[in-house]
Amino acid sequence: MRSQCENPPDWLSAISRREFIKALASGLLYGGLSRYARALPDAFYPFEEVPPSVSGITWAHIAGKSPEHYLPETTGAGCAFLDHDGDGWMDIYLVNSGNCDFFNPNPPLRNALYRNNRDGTFTDVTAKAGVRGGAYGQGVAVGDYDGDGLPDLYVTQYGNNILYHNNGDGTFTDVTEKAGVEAPGWSSSAVWFDYDNDGKLDLFVCQFVEFSKSISKDCRSGEDAKRGYCIPRAYKPTASWLFHNNGDGTFTDVSKASGIARYLGKAWGAVATDLNNDGRMDLFVANDTMGNFLFMNRGSGRFEQTGEPAGVAYSAEGRPRSGMGVDSADFNQDGWMDLFVANIDMEQYAIYQNNHDGTYDDQAGPTGIGQATRLLSGWGLKFFDYDNDGELDLFLANGNPDDLIESLHLQVKYQEPLMLFHNTGKSFQNVSQQSGPVFSKPLSSRGLAIGDFNNDGAVDVLVSVNDDAPVLLRNNVGSQNHWLGLTLVGKKSNRDAVGAHITYQAGDLKRSRMKVGGGSYLSSHDPRIVLGIGQRKKLDWVEVKWPLPSGAVERFTDLPIDRYITIVEGEGKWK
């Protein structure tokens, strides 16, 4: 694609693709590239869209959009990276809509599981695997709930949810009824995490509003009063679910006993993270048109909702916003986990800096993220180090839920672009327009998952699109810096090591990461953690603090770089 206004200068057209990407990775070109950003092939940019003709992913989401504008039609769906067959390569799972009280597709729709062929292509293995779904799908959470070393799937739906147990032979079994995790109603995101530190993954399930075809509202707007998708404040809130893992393949509903069911919400995104460094995993939950929830884990199976005093429930003006996607990361490397939540247009997204005292300050203004997102609506999102320079960057997937929005607000679009913010260590730079033509592509994005599908250390991105095909983005820039990928295997702690703290040093660079549970919107991520070290050629050490009940700290030296390794809790070595 060529620029209509100007060709690139001679020096830019003369350098090789590798030299160009290396310059991007070191930050040398970000400031001056925008004039020529669309004058080079996609493969020269940090992110390159992989078309279905190359990837083999031909499946597409079908929302079943109708003249009645039933609200679930505009909210899905999610996606996931997972290694379902244990071969060390990330496969892909995609959630579709399906049969329910307002939609009866013929032929029936299905979810999709694509096996990674290890050559940049994927093969649809859904039928063999037995993971088609069974209702109007929303999201997916991946976790090894029984500790057998195989990732299991929890699919959330409008209707009863599904727990698929991984059989280890490429197939899954629906064990929902036995496990007791149906969670009927309208579920959205789900999170696997060990809330009571007994070494087993428990399950938190976001519940959205009370909804059915019989109580669907007729919401109209604009001068011609066209029927559109209702703002969620038209519907009643509901309680989310918390299920305790009994260790025998079954779960106990502890929603009421934990205190979580006491709070009725309209929950979309959720992330499990340790916000006060006490070793217990807390929950941050985004609510739509009402205050967000911050469930602080007080131990003994109890949670305290502190969203309001913490300063993360409402806007600075005290108004509820339309929270959707969330994440947690220590973006400023002060040793305390921070929070992020994406909202709808005119509200700005929020990046909450942890004040170390149970309160948070929204840094959307100072970082520039607020102004950049003022006209957007955010869903899937994730903090990750896309260029492996050691800093946590931010990727946002956007799209307005209202297909009539352009007739109501001239500045707001229904389909919106992806966004990428580069963390310089001091500030976030909006580098979207310098990062590839796909960032100029209008999309109805919803879910977002990160994962290294080609095992080159450069973390890739998968975006699910409402009523359209997913978008797979190959990361071209991360492998130009050095890195080390970690697979953590818990023994006393939960096998997925959710809640583990990783600290590492490479010369003058010292950084820390935490393995959170969930994050984004309706989606699940590659469980491996990639540690970027820039152009430094050696890692001095990596330290892993395992989650409770272990809490053990192990330090590793003489580590390789530019490859993946596995660390098993308590073995004192890597492999």
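The figures that follow rest on heavy atoms only: side chains count, while hydrogens, waters and symmetry mates do not. No experiment lies behind these values; they were computed from the predicted model shown.
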Contact check, side chains of [X] and [Y], non-hydrogen atoms, under 4.5 Å:
X    : Y    : result
Y229 : E73  : yes
Y93  : V155 : yes
L275 : D338 : no
L462 : F81  : yes
F331 : F340 : no
L113 : H84  : yes
N398 : M419 : yes
S221 : L404 : yes

So, [X] versus [Y]: side-chain donor-acceptor pair below 3.5 Å or not?
X    : Y    : answer
S187 : N161 : yes
Q138 : W186 : yes
S212 : D101 : no

Excluding sequence neighbours, so at least two apart, what forms salt bridge (Lys or Arg N to Asp or Glu O under 4.0 Å) with R110?
-> D124
With sequence neighbours excluded, what pairs up with R233 under the salt bridge (Lys or Arg N to Asp or Glu O under 4.0 Å) test?
-> none
Test: salt bridge (charged side-chain N to carboxylate O under 4.0 Å, His left out). Region: [range]. Which pairs qualify, not counting sequence neighbours?
range            : value
residues 171-196 : none
residues 514-527 : D526-R528
residues 132-154 : D144-R495
residues 253-273 : none

For E49 and K441, run salt bridge (Lys or Arg N to Asp or Glu O under 4.0 Å): C-alpha distance rounded to whole Å, both residues' side-chain angles, the deciding distance at 0.1 Å, then the answer.
-> CA-CA 11 Å; E49 183 175 0; K441 186 176 181 178; 2.9 Å; yes
Determine yes or no for a side-chain-to-main-chain donor-acceptor pair under 3.5 angstrom, with [X] supplying the side chain and [Y] the backbone.
X    : Y    : result
S432 : L420 : yes
D467 : A63  : yes
R321 : N343 : no
S445 : G399 : no
D496 : G143 : no
S328 : M337 : no
R227 : E68  : yes

Quick one: do F303 and Y195 satisfy side-chain contact (heavy atoms from CB on, under 4.5 Å)? Show the steps, please.
-> CA-CA 10 Å; F303 287 83; Y195 78 87; 3.8 Å; yes
Is the NZ atom of K65 crowded by more than 12 outside heavy atoms at less than 6.0 Å?
->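 Check passes, neighbour count above 12.
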Other residues, nucleotides, ligands: >12 heavy atoms within 6.0 Å of L264 CG | yes
Quick one: list whatever passes disulfide (SG to SG under 2.5 Å) with C100, sequence neighbours left out.
-> none
Under the side-chain hydrogen bond (donor to acceptor under 3.5 Å, both in side chains) test, which residues partner [X], sequence neighbours left out?
X    : value
T252 : N246
S216 : none
Y136 : none
D460 : none

Does W268 have its ring centroid less than 6.0 Å away from the ring centroid of Y521?
-> yes
Could you check Y154, F251, Y164, F193 and say which one makes a ring-ring contact (aromatic ring centres under 6.0 Å, His included) with Y145?
-> F251
Just how far is it from atom [atom1] of [X] to atom [atom2] of [Y], taken to the nearest 0.5 Å?
X    : Y    : atom1 : atom2 : value
F103 : Y158 : CZ    : OH    : 13.0 Å
L283 : F295 : CG    : CZ    : 7.5 Å
F421 : S435 : CZ    : OG    : 11.0 Å
D403 : T74  : CG    : OG1   : 6.5 Å
S189 : L522 : OG    : CG    : 4.5 Å
Y386 : I450 : OH    : CD1   : 14.0 Å

Run the salt bridge (Lys or Arg N to Asp or Glu O under 4.0 Å) check on K200 and D202 step by step: do they pass?
-> CA-CA 6 Å; K200 299 183 290 290; D202 309 300; over 6 Å; no
Considering residues at least two apart in sequence or located in another chain, which fulfil the side chain to side chain contact (heavy atoms under 4.5 Å, CB included) criterion with T58?
-> Y114
Begin with the C-alpha distance, continue with both residues' side-chain angles, and end with the deciding distance and a verdict on side-chain contact (heavy atoms from CB on, under 4.5 Å) for Y235 and K217.
-> CA-CA 8 Å; Y235 296 97; K217 310 291 185 181; 3.5 Å; yes
